Amino acid sequence: MKQNYQFPDHSAERMRTGSVRRVNFELGEDLRGLGEGKTFYIRTYGCQANVRDSETLAGMFGMMGFIPVSSPEEADVSVFNTCAVRRAAEDHVLGEIGSLKPLKTAHPEKIFAVCGCMAQEESMVKLIASRYPQVDLLFGTHNLDRFPVLLARALAGERTIEVNSDGAGSIVEGMPVQRSRGFKAYVNIMYGCDKFCTYCIVPYTRGKERSRQMDDVIAEIRAAKAAGAKEVTLLGQNVNAYGKDIGLSDGFTDLLRSAAETGIDRIRFYTSHPRDYREETIDVMKEYPNVMPALHLPVQSGSDEILKRMNRGYTIGQYYDLWERMKEKIPGITFTTDLIVGFPSETDEQFQKTLDLADRCRFDSAFTFVYSPREGTPAASMPDDVPAEVKKERLAALNEKIGFYARQNNEAAVGTVLKVLCDGPSKKDPAVLCGYSEENRLVNFTGEGVTEGDIADVKITQARSFSLLGETLR
């Protein structure tokens with residue numbers, strides 16, 4: 001088998017310079033019939049950015065004539081779009097692609113591809129290349145637009161690893177999209193991150209911060225709305241930094257206002273960074289009712305010493321100040337966050353400050369993690385000196401506290417009427433519908449005349465820790 005390998009270089013990411021490449025996507029005529037009579041399958045891991053990338057891949061498959069199926073066993077081409085935020089996520093992916101070996105042996109004509117953040121990590125790409133021969137194609141987050149060309153090589157029998165290590169990255173407009181839900185649209189407003197938090201692999205796997213032009217973003221929102229979307233989620237590793245690289249003084253606030261003025265029913269955004277959040281953005285959230293009163297604001301730790309070692313760029317006092325201003329201006333707003341326990345050299349006292357943070361902010365939910373080193377990040381060279389058992393105990397204590405306040409917050413919603421965008425039947429009970437309220441609360445409800453994509457008035461009858469039960473108003 002012919003081989004074509006290009007490996008990533010994290011040292012290049014640390015020294016990244018140069019201008020951003022801006023191009024329009026084009027699919028060559030020779031590739032438009034590549035999938036005739038063939039099927040594809042995509043499995044997505046990780047964040048909303050990966051979901052959006054998978055929607056682009058599905059759009060490319062469609063342009064090439066492929067038909068979607070529901071499993072690798074049925075598919076001629078299977079793509080695994082991976083996440084590298086935690087080691088546990090990587091181990092899960094490795095286990096899944098490892099299990100493909102018998103299928104590849106029985107059907108050598110099947111193509112298995114790996115992309116996403118794992119395919120942008122130096123060590124992981126070399127590991128997959130050497131130990132997982134069943135993988136025919138690896139391509140990085142900067143190579144998404146080249147997928148059809150790379151796939152054609154793989155189908156011709158060439159094992160290909162193409163991972164662009166150019167830290168400047170690129171912005172490719174006009175890529176196709178096949179949205180997983182037509183009534184919800186993920187819209188990238190920027191790519192990459194320049195924060196370099198010491199524990200985080202994202203600046204190395206997603207590249208430097210680079211913003212799309214505002215007109216292109218608004219045009220995509222308008223197109224999604226015209227196609228029936230009720231909700232749009234603006235995506236970026238740090239949305240509050242939007243526009244800095246293209247000379248906008250307060251780009252995200254201006255973009256959020258322009259998005260609201262399209263008239264789409266609902267607008268959300270992920271993810272915000274406390275360091276860049278502006279008062280003007282809070283004012284826009286308050287001014288426009290179609291900007292949802294829900295904010296995901298990762299804090300990571302309640303200790304100033306830990307935040308400094310994480311290179312987060314703010315103090316816990318500054319975080320509290322932002323939280324209080326948001327609560328004052330938007331009284332019904334819900335808050336979710338990210339928290340890490342067991343960061344190198346975290347003491348019992350420092351962890352207690354994280355528990356104190358949870359007591360004060362009473363988050364509606366939180367993604368909580370045990371710290372795991374990411375090779376190539378500064379924190380990976382720090383002593384991982386918090387014992388595993390201590391990490392486990394701290395995580396349990398934190399989760400108990402988060403769950404307690406989440407339930408309290410949900411109980412306050414009992415008896416109220418929430419507007420819920422219906423996602424369709426619940427996975428656990430097809431007789432029950434589910435969806436999310438404006439405040440981003442998960443609601444399971446019953447009622448007649450409501451279908452997927454409808455916004456329904458639901459009276460809340462019961463609270464659970466991380467969901468609500470209700471029934472539609474008659």
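Just so it is clear, the structure is predicted and the values come from calculations on it, not from any experiment.
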Contact summary for E346 and V341, nearest pair of heavy atoms | OE1-C, 3.9 Å
Any donor-acceptor pair under 3.5 Å from S437 side chain to R441 backbone = yes
Taken in chain and number order and not counting sequence neighbours, the residues that satisfy ring-ring contact (aromatic ring centres under 6.0 Å, His included) with Y270 are none
Identify, with sequence neighbours excluded, every residue that meets side chain to side chain donor-acceptor pair (under 3.5 Å) alongside Y277.
-> none
Quick one: which of N290, V217, V187 gives a side-chain contact (heavy atoms from CB on, under 4.5 Å) with V232?
-> V187
Are a donor atom and an acceptor atom from the side chains of S180 and E55 found within less than 3.5 Å of each other?
-> yes
Taking atom types as modelled and ignoring hydrogens, do the side chains of T253 and T281 form a donor-acceptor contact shorter than 3.5 angstrom?
-> yes
Closest contact, heavy atoms only, T337 versus P298 = OG1-CA, 3.4 Å
Is the ring centre of F147 less than 6.0 Å from the ring centre of F61?
-> yes
Hey, which of I189, D250, V291 is the one that makes side-chain contact (heavy atoms from CB on, under 4.5 Å) with L256?
-> V291
Audit row: T271, V239, side-chain contact (heavy atoms from CB on, under 4.5 Å) steps and yes/no = CA-CA 6 Å; T271 295; V239 293; over 6 Å; no
Answer with yes or no whether the side chains of D276 and N238 bring together a donor and an acceptor at under 3.5 Å.
-> yes
Give the intermediate values and the outcome of side-chain contact (heavy atoms from CB on, under 4.5 Å) for residues Y371 and D384.
-> CA-CA 9 Å; Y371 168 76; D384 188 13; 3.9 Å; yes
Interatomic distance, OG@S365 vs CG@L442, rounded to 0.5 Å, equals 10.0 Å
Distance (rounded to the nearest 0.5 Å) between S272 OG and N240 CG = 4.0 Å
Under the 3.5 angstrom rule, does the side chain of N50 hit a backbone N or O of T82 as a donor-acceptor pair?
-> yes
Step-by-step side-chain contact (heavy atoms from CB on, under 4.5 Å) determination, L395 to F369 = CA-CA 7 Å; L395 183 67; F369 308 98; 6.0 Å; no
H296 and side-chain hydrogen bond (donor to acceptor under 3.5 Å, both in side chains): which partner among D364, N440, T334, T336?
-> T336
Report yes or no: does R43 contribute a side-chain atom to a donor-acceptor pair with the main-chain N or O of Y41 at less than 3.5 Å?
-> no
Who are the side-chain contact (heavy atoms from CB on, under 4.5 Å) partners of T141, not counting sequence neighbours?
-> C117, Q120, R206
May I ask you to decide whether K244 forms a salt bridge with E209, counting only side-chain N to carboxylate O separations under 4.0 Å?
-> no
Say you draw a straight line from CZ of R374 to OG of S123; how long is it, rounded to the nearest 0.5 Å?
-> 8.0 Å
Would you name the heavy atoms of L31 and M64 that are closest together and state the gap between them?
-> O-CG, 3.4 Å
Checking T262 side chain against R222 main chain: does a donor-acceptor pair fall under 3.5 Å?
-> no
In this structure, are over 12 heavy atoms from other groups packed under 6.0 Å from E109 atom CD?
-> yes
Please check if the side chain of K195 supplies one atom and the backbone of N311 the other of a donor-acceptor pair under 3.5 Å.
-> no
E305 backbone acceptor or donor facing S303 side chain under 3.5 Å | yes
May I have the step-by-step check of side-chain contact (heavy atoms from CB on, under 4.5 Å) for I402 and F363, ending in yes or no?
-> CA-CA 7 Å; I402 294 294; F363 297 108; 4.2 Å; yes
